[in-house]
Visitor: 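Below you'll find the structure I mean.
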2 protein chains.
Amino acid sequence: MSVVASRLLCARDLVQASTCGDQPWSSQRQESDTLTAQDSEFTCLSEVDLFADLSSEEKDSLHERVPERRFRRGELVFSQEEPVSALFVLQEGRVRIFRVAEDGKAFTLAILEPGAVFGEMLLVGQQMYDNYAEALEDSVVCQLSVSDVEQHLLTDPRIAVRIARLLGGQAARLEERLTDLALRPLAARVAKTLLTRNEPTTARSLGARLGQRPAIRITHEQLAGLLGATREATSKVLSEFAAQGLIRQVRGRITLLDHQRLNAIARTTA
Amino acid sequence: MSVVASRLLCARDLVQASTCGDQPWSSQRQESDTLTAQDSEFTCLSEVDLFADLSSEEKDSLHERVPERRFRRGELVFSQEEPVSALFVLQEGRVRIFRVAEDGKAFTLAILEPGAVFGEMLLVGQQMYDNYAEALEDSVVCQLSVSDVEQHLLTDPRIAVRIARLLGGQAARLEERLTDLALRPLAARVAKTLLTRNEPTTARSLGARLGQRPAIRITHEQLAGLLGATREATSKVLSEFAAQGLIRQVRGRITLLDHQRLNAIARTTA
DNA sequence: TCAAGTCTGCAATCCAGGACACATACGTTC
DNA sequence: GAACGTATGTGTCCTGGATTGCAGACTTGA
């Protein structure tokens with residue numbers, strides 16, 4: 001049992017990544033183009049249901065004190081050397097939360113899309129986390145400082161409930177993944193992950209909301225890290241899926257063709 | 001990769017279990033005897049830090065409306081047929097939370113000791129859980145009904161924060177287990193689990209607090225279920241540990257002898 | 001337009017644990 | 001104290017994935 005090697009090194013020395021060149025969301029854009037043009041411009045706080053209960057004045061006032069930070073692909077948003085000191089909202093780009101074992105192997109806890117909140121453990125005082133967060137592409141995050149959090153969030157009962165809900169949902173999903181990892185073969189986990197990844201969970205997958213499911217943007221390696229499997233094994237499963245017409249693959253993105261059968265595979269046990 | 005078979009059947013038809021005969025906590029008793037004699041008599045609410053912020057009057061008032069329920073060893077506290085409809089506090093006995101896959105294999109999410117709160121997902125509205133809860137021995141639980149919860153807990157900001165903390169801690173532990181399952185060999189997981197099980201986490205492991213660590217009360221099979229491994233594989237690891245003088249085993253209980261080396265093994269990766 | 005890095009495919013080999021099949025021992029019961 | 005159920009010890013065989021090594025296709029930056 002083990003996992004993708006993606007040594008930390010990879011994550012580190014990628015401080016080049018041109019700011020121009022690649023438009024990370026380019027393809028998504030193509031597909032959801034007809035929608036609102038400003039869907040990559042949201043204010044950190046709107047659209048994030050953690051703050052849904054705040055009036056717009058409150059949001060504005062909070063928003064003013066929220067610095068925005070940019071990370072280039074490969075950069076670490078936080079790590080052990082630079083522990084979580086704020087609550088983050090991913091505004092643009094994609095971020096991977098992961099852990100690294102002593103031997104360098106990594107396991108991915110989550111791959112976040114815009115609208116996601118992370119660093120939430122800060123909220124509940126749990127600090128002992130050796131989690132890392134890496135920008136998978138050039139990203140923009142807003143960070144609420146600890147004091148912001150304490151003043152505006154923990155004191156507000158409406159938000160406290162939202163936080164509880166957030167963490168509850170998280171725990172639920174973790175329980176699910178844990179039992180899947182324990183009880184299901186790789187193929188099932190692959191299928192399941194693809195299916196959930198395909199759902200519009202985050203705040204702004206506008207295109208998706210219209211049934212216009214875009215391709216899932218993920219590489220075999222990223223998927224493997226999320227599954228606790230090797231890239232090779234994951235690739236094999238995906239190839240088989242493709243051969244059976246369940247999915248279509250194009251370098252870095254996967255389109256689901258047969259939800260039905262994928263679902264069946266996801267429920268597989270032995 | 002897979003797991004203990006303990007078909008659900010086992011959990012069901014155990015409706016005999018003598019009420020007299022065995023005193024579940026008998027051995028613990030022996031070891032913490034010198035302490036307070038009423039440590040198995042706590043009021044559901046005191047000692048449970050979820051309610052720590054309530055005044056004793058509040059606790060009393062709440063306590064009156066809290067029915068106590070007894071379950072015999074093997075009985076299900078909740079299941080899919082009888083979904084979670086309340087928030088439970090384990091007062092006496094031990095309860096196992098688990099899930100069952102389509103093929104009958106089970107994975108144990110937690111084994112709870114007195115003072116533990118469960119059914120917490122109810123708190124955050126998440127309902128889609130196919131979790132089961134089974135009494136591992138004759139047990140007593142208090143149950144707060146949904147309306148109790150809504151009136152007294154969700155509305156109270158102090159408690160909302162406690163809930164968030166509870167769920168946060170849970171998520172943290174799940175993340176840990178998930179990455180361990182993905183990255184560490186069985187032996188490491190066994191060692192780690194033993195070590196954490198040995199810590200006094202729950203509200204009342206009074207004996208333990210004095211460094212007087214009692215034996216861990218768990219069978220190989222239960223441990224295996226918790227680890228996502230087979231009973232056989234788990235047994236083998238434990239035998240090796242015993243042979244190396246790391247632990248001592250007596251039918252149904254395990255005593256740790258060499259925390260040092262166990263810790264080293266727990267950090268093992270390949 | 002070329003070189004370097006990234007992503008995916010493929011195959012051979014290895015091995016931790018799973019699946020089974022028993023055997024023994026302990027404890028509970030009557 | 002006989003008998004059954006539960007807990008543990010072992011052994012064999014078998015397989016899903018891990019490991020390793022490499023090759024071809026795409027992308028991207030300069």
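Because the structure is a prediction, the values reported are computed rather than measured. A, B, ... follow the sequence lines: proteins, then strands. Residue 1 opens every chain. Because only heavy atoms are used, hydrogens play no part in the values below, and waters and symmetry mates are left out as well, while side chains stay in.
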Visitor: Starting at CG of A:L238 and ending at P of C:dC7, how long is that distance when rounded to a whole Å?
Guide: 14 Å
Visitor: Once side-chain hydrogen bond (donor to acceptor under 3.5 Å, both in side chains) is applied, do any residues pair with A:R261, and if so which ones, sequence neighbours excluded?
Guide: A:D258
Visitor: Flag the pair B:R96 and B:E134 as a salt bridge only when some basic side-chain nitrogen lies within less than 4.0 angstrom of an acidic carboxylate oxygen.
Guide: yes
Visitor: D:dG16 C1' sits how many Å from A:L183 CG, rounded?
Guide: 15 Å
Visitor: Rounded to the nearest Å, what distance is computed from the CZ atom of residue A:R184 to the P atom of nucleotide D:dG16?
Guide: 17 Å
Visitor: One thing to verify: whether A:E175 and B:R177 come together as a salt bridge, which I'm taking to mean a side-chain N less than 4.0 angstrom from a carboxylate O.
Guide: no
Visitor: Any idea which of D:dT19, D:dG17, C:dG9 is nearest the A:K105 side chain?
Guide: D:dT19
Visitor: Between the two ends of the helix from C:dT1-D:dA30 to C:dC30-D:dG1, what is the bend in degrees, rounded to 10 degrees, where each end axis spans five pairs?
Guide: 50°
Visitor: Taking CD1 from A:I265 and C1' from D:dG16, how many angstroms apart are they, rounded to a whole number?
Guide: 16 Å
Visitor: Who passes side-chain hydrogen bond (donor to acceptor under 3.5 Å, both in side chains) against A:K236, sequence neighbours left out?
Guide: none
Visitor: Using a heavy-atom distance cut-off of less than 4.0 Å, which residues of residues 240-252 of chain A contact DNA chain C?
Guide: A:Q249, A:R251, A:G252
Visitor: Of the nucleotides D:dT8, C:dT8, D:dT19, which one has an atom closest to the side chain of B:T219?
Guide: D:dT8
Visitor: Rounded off to whole Å, could you give me the CD-to-P distance for the A:E137 and C:dT6 pair?
Guide: 15 Å
Visitor: Once hydrogens and angles are ignored, does a donor-acceptor distance under 3.5 Å link the base of C:dG9 to the side chain of A:R231?
Guide: yes
Visitor: Can you figure out which of D:dG9, C:dG18, D:dA18 approaches the side chain of B:T230 most closely?
Guide: C:dG18
Visitor: Tell me: CD of A:E221 to P of D:dT19, nearest whole Å?
Guide: 13 Å
Visitor: Got a salt bridge between B:K192 and B:E176, using NZ or NE/NH1/NH2 to carboxylate O under 4.0 Å?
Guide: yes
Visitor: Between C:dT8, D:dT8, D:dA7, which one does the side chain of B:R73 approach most closely?
Guide: D:dA7
Visitor: Figure out the CZ/P separation between B:R217 and C:dG27, and round it to whole Å.
Guide: 14 Å
Visitor: Between B:T234 and A:K236, which is nearer to the 5' end of DNA chain C once each is assigned its nearest nucleotide?
Guide: A:K236
Visitor: Rounded to the Å, how far apart are B:R253 CZ and C:dG27 P?
Guide: 10 Å
Visitor: Under 4.0 Å between a side-chain nitrogen and a carboxylate oxygen: does that hold for A:E137 and A:R94?
Guide: yes
Visitor: Applying salt bridge (Lys or Arg N to Asp or Glu O under 4.0 Å), name anything that partners B:E82, two or more places apart in sequence or on another chain.
Guide: none
Visitor: Considering all heavy atoms of both residues, which atom of A:R70 and which atom of A:V140 are nearest to each other, and what is their separation?
Guide: NH1-CG2, 3.3 Å
Visitor: Which residues satisfy the salt bridge (Lys or Arg N to Asp or Glu O under 4.0 Å) test with A:E240, sequence neighbours excluded?
Guide: none
Visitor: Mapping A:E232 and A:L186 onto DNA chain D by nearest heavy atom, which one lands closer to the 5' end?
Guide: A:L186
Visitor: For D:dT6 and B:H220 - does any side-chain N or O of the residue sit under 4.0 Å from the phosphate oxygens OP1/OP2?
Guide: no
Visitor: Hey, could you give me the CD1/OG1 distance between B:I254 and B:T193, rounded to the nearest 0.5 Å?
Guide: 10.5 Å
